[in-house]
Amino acid sequence: MYDEKFMRRAIELSAQALEKPGTKPYAAVIVKGGRVVGEGLNQSPKNFDPTSHGEVEAIRDACRNLKTLDLSGCELYTSCEPCSLCVSTMTISGIARMYYAASAAQSDSVIPRPAHLRGDRLRKQVALPTGKREMPTEQQLDGDAFAVLKEWAKRQKT
C-alpha cells in the first residue's frame with residue numbers, strides 16, 4: 001500500500017544529484033514489510049555504466065541486503081517513471097508494485113537526451129522481436145552455447 005514517506009525518500013535521494021557529481025536526478029527505494037531494504041541513485045556518469053539507474057541500484061542494494069535475487073513482495077518507489085531497462089529489472093527481480101513521481105514525459109521535457117535514449121523509442125525497440133529491431137543481429141554458434149546451458153541445467157539437478 002502506498003506510503004508517502006517512501007516516495008519523499010526517493011525524491012530526497014534524487015535531489016542529491018544537485019550537489020553530487022557524476023549522478024543524475026533519478027532515485028528509488030525498495031520497501032518490504034514497511035521498511036526500506038534498498039536505495040539507489042542514478043550513477044551512470046560516475047560509474048561509466050549505462051545500467052546504473054536509480055531503480056537498478058536500489059534493486060542491487062535490496063538484493064545484497066536481503067541476500068536474495070527474489071524481491072517478491074517488495075514495492076519500489078521511484079522519483080521518475082522508469083525506463084524499459086528498469087521495468088525489465090523490476091520484473092526479473094519480482095517487484096510486486098511500483099509507484100512513481102514525475103512522468104517520463106516530464107523528464108524528457110527538461111532533460112535533453114540523444115534520440116537513442118528517449119523513453120518512447122526505447123520502449124518500442126524492446127517490445128520488438130530480436131530480428132525486427134533497428135540494431136542488426138545474427139545468431140551464431142547456438143549449438144555450442146545450448147550445450148553449455150544443458151550441461152549447467154543438468155548439474156543443478158544433482
Which ILVMFWY residues can you reach from Leu69 by hopping between side chains whose heavy atoms are under 4.5 Å apart?
none
Residues joined to Leu141 in its hydrophobic cluster, side chain to side chain under 4.5 Å directly or through other members, sorted by chain and number, are none
So, taking the atom named [atom1] in [X] and the one named [atom2] in [Y], what distance separates them when rounded to the nearest 0.5 Å?
| X | Y | atom1 | atom2 | value |
| --- | --- | --- | --- | --- |
| Ser79 | Ile11 | OG | CD1 | 7.0 Å |
| Lys124 | Ser84 | NZ | OG | 11.5 Å |
| Arg60 | Arg64 | CZ | CZ | 8.0 Å |
| Glu134 | Gln125 | CD | CD | 4.0 Å |
| Leu76 | Met90 | CG | CE | 5.0 Å |
| Leu85 | Leu122 | CG | CG | 8.0 Å |

More than 12 heavy atoms of other residues, nucleotides or ligands under 6.0 Å from CD of Glu19: is that the case?
no
Short side-chain donor-acceptor distance under 3.5 Å, Ser44 and Asp49:
no
Please enumerate all residues that pass salt bridge (charged side-chain N to carboxylate O under 4.0 Å, His left out) together with Glu138, with sequence neighbours excluded.
none
State which residues pass salt bridge (charged side-chain N to carboxylate O under 4.0 Å, His left out) with Glu39; sequence neighbours excluded, sorted by chain then number.
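Salt bridge (charged side-chain N to carboxylate O under 4.0 Å, His left out) check on Glu39 returns Arg9.
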Under 3.5 Å donor-acceptor pairs involving side-chain atoms of residues 22-38, not counting sequence neighbours:
{"unit_1": "Thr23", "atom_1": "OG1", "unit_2": "Lys20", "atom_2": "O", "d": "2.6"}
{"unit_1": "Tyr26", "atom_1": "OH", "unit_2": "Ser107", "atom_2": "OG", "d": "2.6"}
{"unit_1": "Tyr26", "atom_1": "OH", "unit_2": "Arg113", "atom_2": "NH2", "d": "2.7"}

Closest non-hydrogen contact found for Ser103 with Gln106 is N-OE1, 2.7 Å
Looking only at heavy atoms, which two atoms of Leu13 and Leu41 are closest? And how far apart?
O-CD1, 3.5 Å
If the condition is side chain to side chain donor-acceptor pair (under 3.5 Å), which residues does [X] pass it with, not counting sequence neighbours?
| X | answer |
| --- | --- |
| Thr78 | Glu55 |
| Arg123 | none |
| Arg133 | none |
| Gln139 | none |

Tyr100 and Leu71: same hydrophobic cluster, using ILVMFWY side-chain contacts below 4.5 Å?
yes
In one Ile/Leu/Val/Met/Phe/Trp/Tyr side-chain cluster, 4.5 Å: Ile59, Met98
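The answer is yes; both residues are in one hydrophobic cluster.
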Would you check if Pro21 and Lys46 make a side-chain contact, meaning some heavy-atom pair closer than 4.5 Å?
no
Going through the distances and angles, do Glu4 and Arg8 end up as a salt bridge (charged side-chain N to carboxylate O under 4.0 Å, His left out)?
CA-CA 6 Å; Glu4 185 176 309; Arg8 292 206 175 280; 2.8 Å; yes
Show me the donor-acceptor pairs within less than 3.5 Å that the side chains of residues 146-154 make with the rest of the protein, sequence neighbours left out.
{"unit_1": "Glu151", "atom_1": "OE2", "unit_2": "Arg155", "atom_2": "NE", "d": "2.8"}
{"unit_1": "Glu151", "atom_1": "OE2", "unit_2": "Arg155", "atom_2": "NH2", "d": "3.4"}

Asp61 side chain vs Glu57 backbone, donor-acceptor pair below 3.5 Å:
no
Which residues pass the ring pair (Phe, Tyr, Trp, His ring centres under 6.0 Å) test with Tyr99, not counting sequence neighbours?
Tyr2, Tyr77
Mind jotting down which residue pairs meet the salt bridge (Lys or Arg N to Asp or Glu O under 4.0 Å) criterion with at least one end in residues 65-83? Sequence neighbours excluded, please.
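As it turns out, there is no salt bridge (Lys or Arg N to Asp or Glu O under 4.0 Å) pair with a partner in residues 65-83 once direct neighbours are skipped.
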